Each structure stands twice: as structure tokens, then as C-alpha cells.
Amino acid sequence: MSVLIAIPARYASTRYPGKPLVTLRGPDGEKTLIRRSWEAAKSVQGVDRVVVATDDARIADHAASFGAEIVMTSSDCQNGTERCCEVAAKLPGYEIVVNLQGDAPLTPAWFVEDLVKGLRISSEADVATPVLRCDGRALNGFLADRRAGRVGGTTAVFGAGGRALYFSKEVIPFTGKTFADDDPTPVFHHVGVYAYRPRALRAYAGWPIGPLETLEGLEQLRFLEQGRQVLCVEVAARGRQFWELNNPSDVAIIEAMLAQDGE
């Protein structure tokens with residue numbers, strides 16, 4: 001099955017304007033967020049094409065400078081999935097379209113590889129997305145963010161066969177227990193990557209934004225609100241750390257993880 005990775009990137013982020021062009025220091029020097037995300041996408045095995053999808057000339061010019069292929073999309077896109085809808089329409093013929101969001105440069109290649117494999121196996125699912133079991137360190141970080149009024153990672157709950165039940169920027173499910181840093185927890189971090197069948201993107205483009213998506217600001221809830229099946233694929237960290245760049249304070253966290261991982 002042919003696979004296209006699209007990396008949605010917009011300049012006018014509400015929480016962090018200009019985020020794709022923020023510089024992150026690592027052992028390999030200083031590189032922008034969008035470049036590190038593109039390099040993460042290029043490292044995935046079994047992918048036929050990688051493009052950066054943006055509506056901003058500054059991002060497009062910068063991405064082209066390091067060799068990325070650009071697909072210009074509308075400034076009316078409300079989220080990365082809508083941007084992927086436009087990419088799929090402009091570049092038809094791929095059997096799976098992967099949305100590797102441009103704020104997740106630490107995404108290991110096997111997260112995407114396992115995701116694509118999961119969607120291939122699950123014929124009933126329209127969309128697949130990875131989830132990572134939180135250890136105590138990650139869970140406590142999410143809880144600290146919420147206490148401070150910051151939005152940290154998104155969490156996911158799912159039922160039998162990995163079928164998604166809900167996604168939230170709150171920490172769900174609730175657990176009153178205290179966990180040590182290395183303890184496994186019942187909370188799953190939703191990794192901001194999606195694999196879609198083209199039919200799902202065609203349908204998504206015609207649906208209105210629902211109340212849950214409006215409240216949470218989570219694009220994947222549109223599928224659930226429309227009764228479509230979203231498959232949660234549990235992935236393994238294999239000793240690697242994962243964090244998304246949601247707030248300016250995340251820059252230092254990601255740079256520390258880059259240093260520790262040697263990338």
C-alpha cells in the first residue's frame with residue numbers, strides 16, 4: 001500500500017505564533033522545528049513521499065531551503081487534518097495518508113511504521129493514531145501542566161480492539177494514585193500522528209465542526225462525533241523520550257531530550 005506523509009505547518013498558531021520556525025538545539029546543531037519534523041518523517045521506512053503542507057510563504061521558503069517538497073494549502077484550514085484533506089486531493093493515488101504534525105520532532109520512526117501496519121490490518125478503521133502508555137514521570141508532568149493552567153499532552157481512552165472512545169486535553173482516565181517516575185500508569189498519551197484512508201479525508205472535508213471538537217480543540221474528535229472508527233495503536237517507547245512542542249516552555253524540555261537521545 002502506497003504511503004504519503006504530510007507535515008502540516010502553520011505560522012499563526014494561537015498558543016505559539018511562528019512555532020514551525022523556532023530553533024531547537026541538539027547534538028547536531030541548531031535546526032528549526034519544521035526541519036526536525038521533516039527529518040523524522042524522512043527516517044520512516046516504507047514511505048513513498050514526504051511533503052510539508054503550509055499556507056505560509058515563510059515556512060514554505062525555509063522548508064524548500066533544506067530540500068523539502070512543499071504543498072501549498074488554504075489559509076482557511078482549521079487544523080492539520082483539513083490540511084491533509086487538501087494534500088490528498090492535490091496528490092491522489094496514495095492508499096494511506098499520514099499526518100505527522102509539525103510540532104512532534106521526537107516522533108520515532110517506528111511509531112509511524114506501527115501505525116501504518118495497524119491501519120492495514122484493521123479493515124474497519126478509517127483512521128489510526130498511536131498511543132503511548134505514560135510512566136509516572138510523564139503523567140506527573142501532564143498533571144503539573146494542568147495545575148499551572150497549561151495544556152500539555154492529549155490523553156486517549158479506548159476499548160476492545162483499540163477502538164477509540166475519547167480524546168481529551170484533560171488527563172483521563174482519572175486516577176487518584178501516586179506513581180513513581182518509572183511506574184507504568186493506566187493513562188495513555190495520544191501521539192499527534194494520524195494515518196487516514198483517503199475516503200476518510202474526503203468525508204472529513206464535508207463535515208461541520210462538532211461541539212466536542214469545539215470544546216477540546218482536538219481535530220480527531222470530528223471522526224468520533226460522526227460515528228467513524230478510530231483505531232488506537234499502542235506503541236513502545238524503546239527507551240526514547242517523546243514530547244510535543246505545545247508551549248514556549250516545551251523548547252527547553254525537547255532540547256534536553258534531544259541531548260539525552262544524542263540527536
Side-chain angles (χ1 to χ4, degrees), residues 1-8 37 40-51 79-81 83-85 87-88 91 93-135 138 153-168 172-173 184-204 218-244:
M1 300 179 77
S2 54
V3 178
L4 165 70
I5 293 181
I7 307 172
S37 298
K42 294 290 284 185
S43 71
V44 179
Q45 297 296 309
V47 171
D48 298 280
R49 193 172 186 179
V50 176
V51 301
N79 56 48
T81 299
R83 219 169 284 283
C84 287
C85 292
V87 171
L91 303 176
Y94 292 93
E95 295 166 281
I96 292 177
V97 178
V98 174
N99 172 354
L100 180 58
Q101 299 193 61
D103 58 5
L106 297 175
T107 306
W110 63 86
F111 279 20
V112 183
E113 293 159 5
D114 289 352
L115 180 65
V116 169
K117 181 180 178 181
L119 189 60
R120 285 173 171 160
I121 293 171
S122 180
S123 60
E124 295 182 356
D126 290 304
V127 184
T129 193
V131 293
L132 181 66
R133 185 183 292 275
C134 290
D135 59 16
T154 297
T155 56
V157 291
F158 50 92
R163 185 165 187 166
L165 300 175
Y166 197 63
F167 299 89
S168 182
I172 57 173
T185 78
V187 176
F188 283 84
H189 182 187
H190 171 239
V191 180
V193 184
Y194 304 93
Y196 318 96
R197 301 191 194 280
R199 66 176 186 239
L201 289 174
R202 288 192 296 270
Y204 189 95
L218 296 174
E219 64 207 83
Q220 67 271 32
L221 290 175
R222 198 178 309 182
F223 290 107
L224 295 184
E225 291 188 83
Q226 292 293 331
R228 296 300 184 98
Q229 185 175 146
V230 177
L231 176 69
C232 290
V233 177
E234 186 174 354
V235 293
R238 301 185 194 174
R240 284 278 296 274
Q241 301 179 86
F242 176 80
W243 201 265
E244 297 163 349

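Scope of the values below: all heavy atoms of this structure, side chains included, with no hydrogens, waters or symmetry mates. Nothing here was measured: the structure is a model prediction, and the numbers come from that model.
- Using a 4.5 Å heavy-atom cutoff, the side chains of Leu115 and Val193 are in contact.
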Would you sort out whether Leu4 and Val87 count as a side-chain contact (heavy atoms from CB on, under 4.5 Å), showing the intermediate values?
-> CA-CA 10 Å; Leu4 165 70; Val87 171; 3.8 Å; yes
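- The heavy-atom pair separating Pro130 from Phe111 by the smallest distance is CG-O, 4.4 Å.
- Under the 4.5 Å side-chain criterion, counting only non-hydrogen atoms from C-beta, Thr129 is in contact with His190.
- When all heavy atoms are compared, the tightest approach of Leu224 to Leu165 is CD1-O, 3.8 Å.
- Between Arg120 and Ile96 there is a side-chain heavy-atom pair separated by less than 4.5 Å.
- Inter-residue side-chain proximity for Leu231 and Val233 is flagged as met; some heavy-atom pair is nearer than 4.5 Å.
- Annotation for Val50 and Ala41: closest pair CG1-CB, 3.8 Å, computed over non-hydrogen atoms.
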Stepwise side-chain contact (heavy atoms from CB on, under 4.5 Å) check, Phe167 with Leu221 | CA-CA 7 Å; Phe167 299 89; Leu221 290 175; 4.2 Å; yes
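- Comment: Asp126 does not engage Arg197 in a salt bridge, judged by the lack of any side-chain N to carboxylate O separation of less than 4.0 angstrom.
- Of all heavy-atom pairs between Ala237 and Trp110, the closest is O-CZ2, 3.2 Å.
- Using modelled atom types, one finds no donor on one side chain facing an acceptor on the other under 3.5 Å when comparing His189 with Thr154.
- Of the possible donor and acceptor atoms, one in the side chain of Arg133 sits under 3.5 Å from a partner among the backbone N and O of Thr185.
- The two residues Cys84 and Leu201 make their nearest non-hydrogen contact at O-CD1, 3.9 Å.
- When atom types are taken as modelled, the side chain of Ser43 and the backbone of Ala40 share a donor-acceptor pair closer than 3.5 angstrom.
- Side-chain contact between Glu219 and Tyr194: present, with at least one pair of heavy atoms (C-beta onward) separated by less than 4.5 Å.
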Applying ring pair (Phe, Tyr, Trp, His ring centres under 6.0 Å), run through Tyr166 and Phe158 and close with a yes or a no.
-> CA-CA 7 Å; Tyr166 197 63; Phe158 50 92; over 10 Å; no
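- Side-chain contact check for Tyr94 and Asp48: no donor-acceptor pair (N or O, by modelled atom type) lies under 3.5 Å.
- Using a 4.5 Å heavy-atom cutoff, the side chains of Tyr196 and Leu119 are not in contact.
- For the pair Ser122 and Gln229, the minimum side-chain heavy-atom distance is below 4.5 Å.
- Between Leu91 and Val51 there is a side-chain heavy-atom pair separated by less than 4.5 Å.
- Leu100 and Pro8 make their closest contact through O-CD, 3.7 Å (heavy atoms, listed as atom of the first residue, atom of the second, distance).
- Using modelled atom types, one side-chain atom of Glu113 and one backbone atom of Gln45 make a donor-acceptor pair closer than 3.5 Å.
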